[in-house]
Structures are given as C-alpha cells and as structure tokens.
Amino acid sequence: MGEIRDRSAEPEGREDHRFGRCAPLSIGVEEELLLTDEHQQLRPDSERVLAALADRIADRVSPELFAEQIELKTGVCDDAGQVERELKEVRAGVAAAGGRLLGVGLHPREGFGEAPIVRKPRYMEVHQELRGLLWTPPCGLHVHVAMPDPETAVRVGNGLRHHIPVLQALTANSPFWAGVDSGLASARTAVVRAYPRFEMPRAFRDYEHFLQIADEVIAAAGVDDYTYIWWDLRPHPRLGTVELRALDTQTAVEGNVAIAALIQALAAREMEQPRSFHLSREALEESYFQASRYGLEAQLILEDGSTQPAADVARRTVEDARPYARQLGGDDALTEIDRIVREGNGADEQRRVMAALGMDGLLEHLAERTAG
C-alpha cells in the first residue's frame with residue numbers, strides 16, 4: 001500500500017504512461033520488512049529510522065502505512081545480481097541507522113489490536129477506510145518488470161496471473177499469527193484479503209479495457225487513482241511495469257532475489273510465447289488460496305483443468321523459465337528456488353524452528369536470517 005516510487009514524470013491524464021522508458025524486462029524489487037526492538041517485538045520506529053539514514057540510500061527506503069514497517073527498494077536493475085547487491089546494501093544501511101529488521105509475512109507472536117499508523121495524508125485516508133481491519137503489519141514482496149508498451153504489459157500480466165498460485169506456494173512465509181499456528185502457510189494472505197481490492201484480477205482484453213475497469217473501480221471506491229487498487233498483479237503505467245504484489249516477503253535477501261529472477265524469466269517467456277487460453281479468475285483465486293493454505297503441499301490447477309502438487313508445478317515452472325533466466329543473467333539465482341522445492345518454503349522452516357526452539361528461538365532465528 002506504499003506510495004509511488006518515482007514522481008519525476010507522473011502522467012497527467014489517463015492516456016499517459018511510462019511503458020518503454022526503461023529497457024524491457026529490467027526489474028525493480030520492493031520488500032516490506034518489520035521493525036523490532038532488541039527482543040524482536042514490533043517497534044513503531046519507521047520515522048526515526050528514515051531520519052537517520054545515510055544520504056546514499058535515503059531515496060531507496062520509504063515509510064509504509066504501519067509505523068512498525070518499512071519498505072526497501074532497488075532501483076531499475078538489469079539482472080538478479082544487481083537486485084541482490086542493492087537489497088543487501090539497503091538492509092545494511094537501515095541496520096547502520098539503528099533499524100532492527102524482521103523479514104517475514106507477519107510477526108509470528110504479535111497480532112490483534114489496531115497497529116500504529118504513519119500520519120501522512122495518504123495513509124490516514126487508508127486508515128479512515130479500513131479502521132479495525134488494520135490489526136497487524138503484513139509484509140509483501142513486490143516485483144516490477146518493465147514492459148515495452150501498454151498492450152504487451154496487459155498480455156504479459158494476463159499470462160503471469162497463472163503463475164501466482166505456484167509463486168505463492170514457494171514464498172508462503174507466515175504460518176504463525178498472534179503466537180499460534182494459524183494452520184495456513186501464509187496467514188498474511190488472510191489478513192490482506194480482508195482489505196478491499198486485494199484480489200486476483202481478471203484477464204483484460206487490452207490496455208483500454210484495463211483503463212476502463214480501473215476507472216470504474218476508482219469511482220466505486222472513491223479513491224484518487226489506480227494505485228489504490230491493490231490487485232495481486234497490475235499494470236503500473238506510472239512506472240511502465242507489470243507489478244506482481246501477491247507474495248510474502250522472504251526472510252533472507254537471497255529468497256527475494258530468487259523470486260524476482262523467476263518472475264523476470266516468466267515475464268520474458270510470456271512475452272515471447274503468449275498463451276491463447278486463460279483459466280478463469282475464480283479458478284486462479286481458489287488455487288491461490290490452496291497455496292496459501294497448504295504451501296508446497298497444495299494441489300494447484302493446471303490449464304487442462306487437472307490438478308498437480310505445487311512442488312511438481314514449481315519444478316516444471318523453473319525448468320520452463322530457466323532458458324530465459326540464463327539469457328537475463330538470473331540462472332544462478334534459481335538455485336535458491338530449487339532449494340525451496342527440495343527443503344520447504346519459509347512456512348516449513350518456521351515450523352521446524354518453532355518445534356525445536358520455541359517462539360523466542362524462532363524470532364531470534366528470523367532476526368539473524370534477516371540480517372544475513
């Protein structure tokens with residue numbers, strides 16, 4: 001729910017956009033992280049941390065709606081290696097400014113009770129609308145892929161929707177909520193699905209159709225523009241990208257880098273081989289829930305209407321993407337995806353650590369992994 005990163009040339013009207021301004025398939029990554037104290041309890045520290053940042057990274061860190069949360073961003077990156085360097089640099093810079101970071105979809109121990117809000121006009125507007133739904137800061141991973149033109153953006157976005165369930169199965173990283181096991185691999189998803197406009201988008205006929213639907217939603221919601229439409233995936237005309245925003249943030253930088261590399265490669269594949277058939281929005285939404293509930297053990301729907309275990313879908317997805325990742329310089333990053341399929345996602349790891357070390361041990365483990 002953060003603000004637009006680049007206001008240097010915001011469109012004046014609905015026909016303006018920035019597609020084609022950056023090299024096609026270049027990527028940008030935004031990771032939302034929690035701020036904690038030395039005991040890994042949530043701390044409403046974002047404004048203090050932002051004020052203490054070194055100038056060289058100040059423009060790559062933003063406040064979020066919640067004062068206990070912060071957003072770290074890359075610039076426009078050519079490949080996964082650059083994403084990794086920039087995310088590590090920014091995490092280190094926040095730590096140097098006194099910010100203690102926790103990379104997880106939800107804080108495992110804290111939960112109910114309205115969370116402190118950053119008092120900025122946009123955030124107060126969201127707070128006025130959502131009020132008691134703002135229980136706890138949910139942390140998502142947002143990946144932008146630059147598109148050469150609006151129609152390609154819509155076509156690639158339509159295709160990438162089919163990969164959201166398996167990406168969810170790979171990234172689910174919030175099994176615990178308010179100190180107990182939620183039974184879900186991604187409890188963050190349950191939190192944000194309570195908000196309006198957090199849902200799987202439809203397939204759009206073309207860019208004009210996207211603009212039409214966006215205008216209708218903006219009018220119905222009484223909001224200023226499409227950046228208040230928090231779909232799992234959306235064309236982002238102001239940045240000239242397709243933005244995928246449906247996933248839990250990963251604890252270690254390498255996890256976010258790997259997912260970004262996979263999404264970049266899948267976007268390249270969809271650009272080169274656009275699919276002619278689309279599963280319904282309803283089927284994809286249900287498959288996304290199954291991944292949120294069961295993680296890599298979910299049964300995910302395929303285009304022929306059959307289902308297959310998420311781990312098998314993930315293996316096939318990676319193999320399909322690998323040639324494109326190799327061309328884009330992201331092949332090495334996909335080894336982390338192979339490890340996740342083999343050893344389990346973040347939710348699986350959290351449950352293993354919780355069983356061995358308890359909640360205090362889990363929080364310490366997550367803090368250490370976040371710090372690298």
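Since the structure is predicted, the reported quantities are computational estimates derived from the model, not experimental observations.
Separation of atoms CD (Glu31) and CG (Asn256) is listed at 5.0 Å; rounding is to 0.5 Å. Note that NE2 of His127 is 8.0 Å distant from CZ of Arg119, once rounded to the nearest 0.5 Å. Here the CE atom belonging to Met124 is positioned 9.0 Å from the CG atom belonging to Leu65, to the nearest 0.5 angstrom. If you take CG on Asp215 and CD1 on Ile229, they are separated by 8.5 Å, rounding to the nearest 0.5 Å. Note that CG of Leu300 is 13.0 Å distant from NE2 of His162, once rounded to the nearest 0.5 Å. In this structure, CZ on Arg100 lies 7.0 Å from CD on Gln40, to the nearest 0.5 angstrom.
The aromatic rings of His17 and Phe19 lie tilted to each other, with the angle between the two planes from 30° to 60°. Below 30°, between 30° and 60°, or above 60°: for Trp231 and Phe210 the angle between ring planes is above 60°, a perpendicular geometry. Ring geometry, Tyr226 versus His236: the interplanar angle exceeds 60°, so the pair is classed perpendicular (tilted spans 30 to 60°).
Asn345 contributes a side-chain N or O that, together with a main-chain N or O of Ala169, makes up a donor-acceptor pair within less than 3.5 Å. Checking side-chain atoms of Tyr228 against main-chain N and O of Ala221 turns up no donor-acceptor pair under 3.5 Å. For Gln250 (side chain) and Thr171 (main-chain N/O), a donor-acceptor pair under 3.5 Å exists by modelled atom type. Proximity of a side-chain donor or acceptor of Glu86 to a complementary backbone N or O of Gly75 within less than 3.5 Å is detected. A side-chain donor-acceptor contact under 3.5 Å links Asp248 to the backbone of Asn173. Without hydrogens or angle criteria, Glu110 side chain to Leu42 main chain gives a donor-acceptor distance under 3.5 Å. Looking only at distances, a side-chain donor or acceptor of Thr74 sits under 3.5 Å from a matching main-chain atom of Val29. At least one donor-acceptor pair closer than 3.5 Å links the side chain of Thr370 to the backbone N or O of Gly103. Side-chain N or O atoms of Asp331 include none that pairs as donor or acceptor with a backbone N or O of Arg326 at under 3.5 Å.
Counting heavy atoms from C-beta outward, Leu87 and Lys73 have side chains that stay 4.5 Å or more apart. Two residues are said to be in side-chain contact when any heavy atoms from C-beta on lie closer than 4.5 Å; Leu366 and Leu34 fail this criterion. Using a 4.5 Å heavy-atom cutoff, the side chains of Thr189 and Tyr288 are in contact. Side-chain contact between Thr36 and Gln41 is absent, with no heavy-atom pair separated by less than 4.5 Å.
A continuous path of Ile, Leu, Val, Met, Phe, Trp and Tyr side chains, each step under 4.5 Å between heavy atoms, connects Ile164 with Val145, placing both in one hydrophobic cluster. Cluster membership for Phe176 and Val192, using ILVMFWY side-chain heavy atoms within less than 4.5 angstrom, is not shared. Both Val154 and Leu25 belong to a common hydrophobic cluster when Ile, Leu, Val, Met, Phe, Trp and Tyr are linked at side-chain heavy-atom distances under 4.5 angstrom. Linking Ile, Leu, Val, Met, Phe, Trp and Tyr residues whenever their side-chain heavy atoms come within less than 4.5 Å places Leu328 and Ile337 in a single cluster. A continuous path of Ile, Leu, Val, Met, Phe, Trp and Tyr side chains, each step under 4.5 Å between heavy atoms, connects Val156 with Ile259, placing both in one hydrophobic cluster.
Other members of the cluster containing Ile70 are Leu33, Leu35, Val49, Leu50, Leu53, Ile57, Val61, Leu72, Val90, Val94, Leu101, with ILVMFWY side chains joined at under 4.5 Å, either directly or via other members.
Contact between Leu334 and Ala325 at its shortest, heavy atoms only, is CD1-CB, 3.6 Å. When all heavy atoms of Ala80 and Ala261 are compared, the pair lying nearest together is CB-CB, 3.9 Å. Heavy atoms only, all atoms of each residue included: Leu363 and Pro108 are closest at CD2-CD, 3.7 Å. When every heavy atom of Asp37 is checked against every heavy atom of Arg43, the shortest pair comes out as N-CB, 4.0 Å. Minimum heavy-atom separation, Leu233 to Arg161: CD1-N, 4.4 Å. Heavy atoms only, all atoms of each residue included: Cys22 and Ala146 are closest at CB-CB, 4.1 Å.
With respect to the salt-bridge test (charged N to carboxylate O, under 4.0 angstrom), the residues Arg322 and Asp338 qualify. With respect to the salt-bridge test (charged N to carboxylate O, under 4.0 angstrom), the residues Asp360 and Arg109 qualify. Salt bridge annotation for Arg193-Glu285: present, with a cationic side-chain nitrogen under 4.0 angstrom from a carboxylate oxygen. For the pair Glu243 and Arg234, the salt-bridge criterion is met [side-chain N within less than 4.0 Å of a carboxylate O]. Ion pair Arg339/Glu336 flagged as a salt bridge, since at least one NZ, NE, NH1 or NH2 atom sits closer than 4.0 Å to an Asp/Glu carboxylate oxygen. A salt bridge links Lys88 and Glu254; the closest N-O separation between the charged side-chain nitrogens and carboxylate oxygens is under 4.0 Å. We find that Arg56 and Glu89 are joined by a salt bridge, their nearest charged nitrogen and carboxylate oxygen being less than 4.0 Å apart.
In this view, His209 and Phe204 satisfy the ring pair (Phe, Tyr, Trp, His ring centres under 6.0 Å) rule, not counting sequence neighbours.
Side-chain atoms of Glu32 and Thr249 form no donor-acceptor pair, as typed in the model, at a separation below 3.5 Å. Glu208 and Gln212 form no side-chain donor-acceptor contact under 3.5 Å, judged by distance and modelled atom types alone. Glu68 and His107 are not linked by any side-chain donor-acceptor pair at a separation below 3.5 angstrom, with hydrogens and angles left out of the test.
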Evaluate Arg197 against Glu129 for salt bridge (charged side-chain N to carboxylate O under 4.0 Å, His left out), listing each step before the verdict. CA-CA 12 Å; Arg197 303 179 295 281; Glu129 180 178 21; 3.3 Å; yes
